[in-house]
Amino acid sequence: MSQGLELRDLNIGYTSTLITANLQVGDGITVILGPSGCGKSTLLSTILGSVPALGGSLLLNDVEITSAPIHERRIGMVFQDPLLFSHLTVLQNVMYGLRRSGISKTLAARKATELLEWVGLLGYESRSTQELSGGQAQRVALARALAPEPAALLLDEPYSSLDAELRTRLAAEVAELLRSRNVVAVHVTHDEAEARSITSEIFRVEQGSLERVTK
Amino acid sequence: MIPALFLITLLGVPLTNVFQRSFEAGTSFDLSPQLSIAFSAAGQALVSTLLATCIGLPIAGVLATHSFKGRAFTQALVTVPFVLPTVVIALAFRELLGSALAPGFLLVVIAHTYINLAVIVRIVGATWQQLDPRKVTVARSLGASPIRAFMTVTFPELRAAISSAASVVFVFCFTSLGVVLVLGNSSTRTLESQILRETSLLLDFPTAAITALLQLALVSCVLLLGARTSLKRTSAVSTLRFTRLRPASSKAQRSYVFVIATIACSLVLLPLLSLAYASLHNSAGWTLEWWSSLASVDSGTTRLGSPLAAIGTSLRYALLTGVVAGIVGVGAAIGVLTHRLGRAVALIALAPLGISAATLGLGLMLAYGRPPLDLRSSDVLIPIAHSIVAVPLVIAVVLPTLLATDKRFAIAASSLGASPTRAFFTAYGPILRIVMIAAGGLAACVSLGEFGAASFLTRSSDPTVPVQIVRLLQRPGEQSFGVACALAMVLVLGTIALVAGIDALGKKRWVR
């Protein structure tokens, strides 16, 4: 019995296969490197379920989820942009997933506040999402994705819109935060330096498949 | 100056006349009949708006977020009912459903829903297209079902557009005239039809003036409420961005897109095909009798001139409206760019959006339809009314195009020694030529189908096509109905040809 994500000959693409992925993500963070347009984001969208797989199978904690609808997969995702719900406050954004899983409003608010404290944004609960800086918004997006305790987390170049200094600092901080919560995560980036600052588990998209990067 | 003078003389004076005339009713005037009509019209408008919104939203969603074969065709087709004359649509529904449903509430609501689908699809679709679809994906990944994701993420971001579109639809249905006259009964009267009744049947002008003012007040309240809700919501919504259309990714999505697009096309085509059938059919079978009798003076036993003459009259008015509204509307749009009072003039020019055609017709009739200045025997009163109705649309078409033109061309021309006028036309001249023709075409299109103001101002011996259609329908007999259908088909084809021409011009502009 294997824990985590497993991709078995998973065919990724919209109309024709861009990548045939074989990957086992046991614990911690795995980074997938590749240039723009190689299919990295499509790979994450397929794992998430917003793009159907063209073939192969996807398992999460040994359960086949290849055809499961997105909301039943228990996989969270943080995109390049924070994509916060602008009609909700910061706290309501983080509570969103908790409320969908049937947790009471009071308990959801408490848990969401804890997560905001964890990402260093305690005191921002009632703020509008438009009052946040890029880095703060991305932290709220991370807290929101982790709130319903997903079985796996996907990060699609989440720091690409930030400046280089903030990007490196935030990448290292978030990697540490994820490790401390034992979250299985797949992080996609085109920046090799950023990849190495996060983990040594690095794969590169090469000629339509995933190849492990050795030091 | 030209747009300002035009609007003050031909909009301000008539409205002042309506206002003055209302005082003649005296202080003991009883408003309860008008309020009762307003109440029932509001109920009808509310149901029509709800139906148009419920049917329009899925269509808007599919057209705004998915790319599929036939998308452009579906989008164009859904817009057709809005540009067609209301009288024609009413006639089409009378032919399609008249044998199953008696004239009244249900038929009026169905026709209003049909006409206003395009308003919902266009206004809400434009916002929907700019929403980031990844937000829905995020909501889904957080455990929201498709419906829950729509209700908690998409709908709040669309609320402003929905409020705005719904308030416009409500006003259209509340002030409806052509549909109510053709498909309604005594319980579906609107204030608009009441104004017509008070002027043409009861000859009670002071009461008509009060009814017009009451309608103006109620319509202004609804539009202000819609604008307020819309502004409040817009400020809460994040910056919008253009998103690419994506093909449906799953089989379920593909089926959904197919079903919605098919329903949309069928809904639009069915009444029009039924109208075409009626124009080619009599009790004995297929016939060209109604089409061939378009030139006959006695056709439809109206004895008020041949339908062909009505087509000639409508075309003449459409041409005049195209020229007048084109010049005034484009002048107002240029004023916004070049004159410090331009924005004020443009705002006044947009006022007819909230003033019903009947109020406008009544005002023009009171101001310029009787001695000392009686213009009813001339050819100018109806084109003036049509131009006032069309000017806001012309501005809405022209202004965004002018604003999108790079004004640095004018600065460059000035720096090379061109006078301000020369510099302006160097920058905007090429686009103005095309836009003026398109705007004139749009105004002509409005004129061809306009019924409300024409019904007040038309001469009995020289009716426009929509007025002639209603007159034919008020007479019993198969011939009247058949000729009315043929005449309506002429309007359908003419309007579609005009819109296609404008569209071709628009494409030519982008090719440049």
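So that the names make sense, note that chain A is the first sequence line, chain B the second, and so on, each numbered from 1. If you're wondering where the values come from, they're calculated on a predicted model, not measured in any experiment. For the numbers below, each heavy atom of this structure counts, side chains included, while hydrogens, waters and symmetry mates do not.
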Table please: side-chain donor-acceptor pairs of residues 32-40 of chain A below 3.5 Å, with sequence neighbours left out.
unit_1	atom_1	unit_2	atom_2	d
A:Lys40	NZ	A:Gly34	O	2.8
A:Lys40	NZ	A:Pro35	O	3.2

Is it the case that B:Glu157 and A:Ser86 place a side-chain donor and acceptor less than 3.5 Å from each other?
yes

Less than 4.5 Å apart, side chain to side chain, heavy atoms only: is that true for A:Ser180 and A:Trp118?
yes

Between A:Thr15, A:Thr129, A:Ile75, who has the most heavy-atom pairs with chain B when the cutoff is under 4.5 Å?
A:Ile75

For chain A, which residues of residues 115-125 of chain B have at least one non-hydrogen atom nearer than 4.5 Å to it?
none

Within 45° of the six-membered ring axis of A:Tyr96 and under 6.0 Å from that ring's centre, is NZ or CZ of A:Arg100 located there?
yes

Does any heavy atom of chain B fall under 4.5 Å from the side chain of A:Ser101, the backbone, both, or neither of them?
neither

What are the two closest non-hydrogen atoms of B:Thr74 and B:Ala261, and how far apart are they?
CG2-O, 4.2 Å

Between A:Lys111 and A:Glu114, is a salt bridge (charged side-chain N to carboxylate O under 4.0 Å, His left out) present by the stated rule, with each step listed?
CA-CA 5 Å; A:Lys111 279 195 152 194; A:Glu114 282 170 17; over 6 Å; no

So do the side chains of A:His71 and B:Arg148 get within less than 4.5 Å of each other, counting heavy atoms only?
no

Residues in residues 145-154 of chain A near chain B [non-hydrogen atoms, under 4.5 Å]
A:Ala145, A:Pro148

Atom of B:Trp128, atom of B:Ala60 and distance for their closest heavy-atom approach:
CE3-C, 4.1 Å

Does A:Gln136 have any side chain to side chain contact (heavy atoms under 4.5 Å, CB included) partners at least two apart in sequence or in another chain, and if so, which?
A:Leu121, A:Tyr124, A:Leu132, A:Ser133

Near B:Phe258 CZ, under 6.0 Å, is it more than 12 heavy atoms from other residues, nucleotides or ligands?
no

Ignoring hydrogens, what is the shortest heavy-atom contact between A:Arg73 and A:Thr46? Give both atom names and the distance.
NH1-O, 3.2 Å

For chain B, find which of A:Arg74, A:Arg144, A:Met77 contributes the most heavy-atom pairs closer than 4.5 angstrom.
A:Arg144

